[in-house]
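Contents: one structure, followed by commentary.
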Protein chains: 2
Amino acid sequence: MNVAFTTGEMKAQSNDPASVAVRERIREAILHGEYAPAQRLIEADLCEHFGASRFLVRTALQDLAAQGLIEFQRNKGARVRAVSLGEAVEITEVRMLLEGFVAARAAERVTEDEAAALRQISRDMRTAVESGELTHYSALNVRLHALLREMAAHRISAELLEQLRALTIRHQFTLSLVPGRSAVSLPQHEAIVAAVAAGDAEAAEDAMRAHLQSVIDALSLRAHAAAVPAV
Amino acid sequence: MNVAFTTGEMKAQSNDPASVAVRERIREAILHGEYAPAQRLIEADLCEHFGASRFLVRTALQDLAAQGLIEFQRNKGARVRAVSLGEAVEITEVRMLLEGFVAARAAERVTEDEAAALRQISRDMRTAVESGELTHYSALNVRLHALLREMAAHRISAELLEQLRALTIRHQFTLSLVPGRSAVSLPQHEAIVAAVAAGDAEAAEDAMRAHLQSVIDALSLRAHAAAVPAV
DNA sequence: CCCTGGGAGATTGTCAACAAAATTGTTTCG
DNA sequence: CGAAACAATTTTGTTGACAATCTCCCAGGG
């Protein structure tokens, strides 16, 4: 995989207004599931759909391939990359390391304002879960992790994490729909917030690792369930 | 940076014989220091030098930009990316996490043959250091880490590590020339080999982390030395 | 009926020429 | 003499067309 980044990758890819716009639009489309995994991305179709020249579409596809979101096959063009459950587990294992590191660093550098913001997210999360607003809960989840990355002030790990997260977004989504999943993850998030806000780096790392380990377990469970399909 | 991979990235970039050849040749040239950091890479020059069309050179440059090896500036073309010492430290911090994980996994899965191969590399390293063959020692170092990655059988971390390592290769090189550096790193490598060969995952992770922490310390020292230039 | 082969259409890979922007060099004016 | 404006060159960004390859459909023979 070529890990890449929400929009601020490793500061590498071309940043023309035109080029970047097309790339981000295609990227968002893939991340929002408008193109199914393994689906072919026909350049001409994309040109028409996004009103861009084939040149721009092509460079955008090349960037996205570098981010690992799509794959190229010689003379067969681009397909959206289908991340297997096994790969998703591997990615989450790496995320466990990096996010744990980020959480610890965030705990070391937390300010009063940041602690307050974290606690606010934590409260909002509980409210969202209790009222069954799963998509809002998911958005808060993204915000929590983003805030921690920002607090850690560690560009490399932040960029890698954004890239890795994008690759597993589909699995994250299906996981979030599993009944009772939010009930499991909510206390984990609350533990992370408590540790970081308290400035306890070791506890923060442990809590974050426990959280992602639980994600890995859930993924592995699904991998097993897929082998023996539901009734 | 957009982390990428020796040649097998996240399985993303185009793999045409022609395109990949140009990309790898330019990549090797940059890694071998034939182009200085911040140096402009003129497309026409590269075309002539590598005997390729501008189209191929351009796609190659785009791939390398995605790997973080070069940077694009709108209407100003490509420059080889200058990785600051601060960035090198961040990258090595992430490597510490990933390589530690890889070492632990390698220890869990080590076979008899692999243990023997590791010990052989360890012996060769000592011989190389004692006879002052620094470049051979460096090559063995690369082989050791590559073997560990292979043993760990963890694609994602392997690919990320290759990408990260490429970005810091220049710093690694200057570091290896510091007098007495090999005397410091040799016992660390021996400790890693011993732990992995013995199948002790925890010790392997600790040894690897200690090794890379020492690299970070050496880098930070240089960062400080650079602020107060040598006499 | 099935399998093989060929051909038409679709799709991507590549190239060469053109346009836009930046860089460099030169001239002119204060 | 220095600085700003202008012109020439270099370099990159973009476009459209062409060639190579793949895909799909259909016909013919076994």
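Heavy atoms only: backbone and side chains are in, while hydrogens, waters and symmetry mates are out. Note that the structure is a prediction, hence the values are computed from the model and not measured. Reminder, nothing fancy here: chain letters follow the sequence lines and each chain counts from 1.
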Handout entry: Given C:dC15, D:dT14, D:dT12, the nucleotide with the shortest approach to the side chain of B:Glu43
Key = D:dT12
Problem - Side chains of A:Tyr137 and A:Ser185, donor plus acceptor under 3.5 Å - result: yes
Problem - Side-chain donor/acceptor of A:Arg81 to backbone N/O of A:Ile70, under 3.5 Å - result: no
Practice task
Please determine if a side-chain N or O atom of A:Arg58 lies less than 4.0 Å away from the OP1 or OP2 oxygen of C:dG13.
Solution key: yes
Exercise for the section: Please state how far atom CZ in A:Arg54 lies from atom P in C:dG13, giving the value in whole angstrom units. Expected result: 8 Å
Exercise for the section: Please determine if a side-chain N or O atom of A:Ser53 lies less than 4.0 Å away from the OP1 or OP2 oxygen of D:dT15. Expected result: yes
Practice task
Determine the contact category for A:Arg40: base if any of its heavy atoms lies under 4.0 Å from a base atom, sugar-phosphate if only primed atoms, P, OP1 or OP2 are that close, otherwise nothing.
Solution key: sugar-phosphate
Completion exercise
CG of B:Leu219 to CD of B:Glu87, rounded to nearest 0.5 Å, is 12.5 Å
Problem - Estimated bend of the helix from C:dC1-D:dG30 to C:dG30-D:dC1 (axis per five terminal pairs, rounded to 10 degrees) - result: 10°
Exercise for the section: Quick one: label A:Leu41 by what it contacts on the DNA or RNA (base, sugar-phosphate, nothing), any heavy atom closer than 4.0 Å. Expected result: sugar-phosphate
Practice task
Select one nucleotide: of D:dC22, C:dT14, D:dT12, the one nearest the side-chain heavy atoms of B:Ile42.
Solution key: D:dT12
Practice task
Could you check how far CG of B:Asn75 sits from C1' of D:dT10, rounded to whole Å?
Solution key: 13 Å
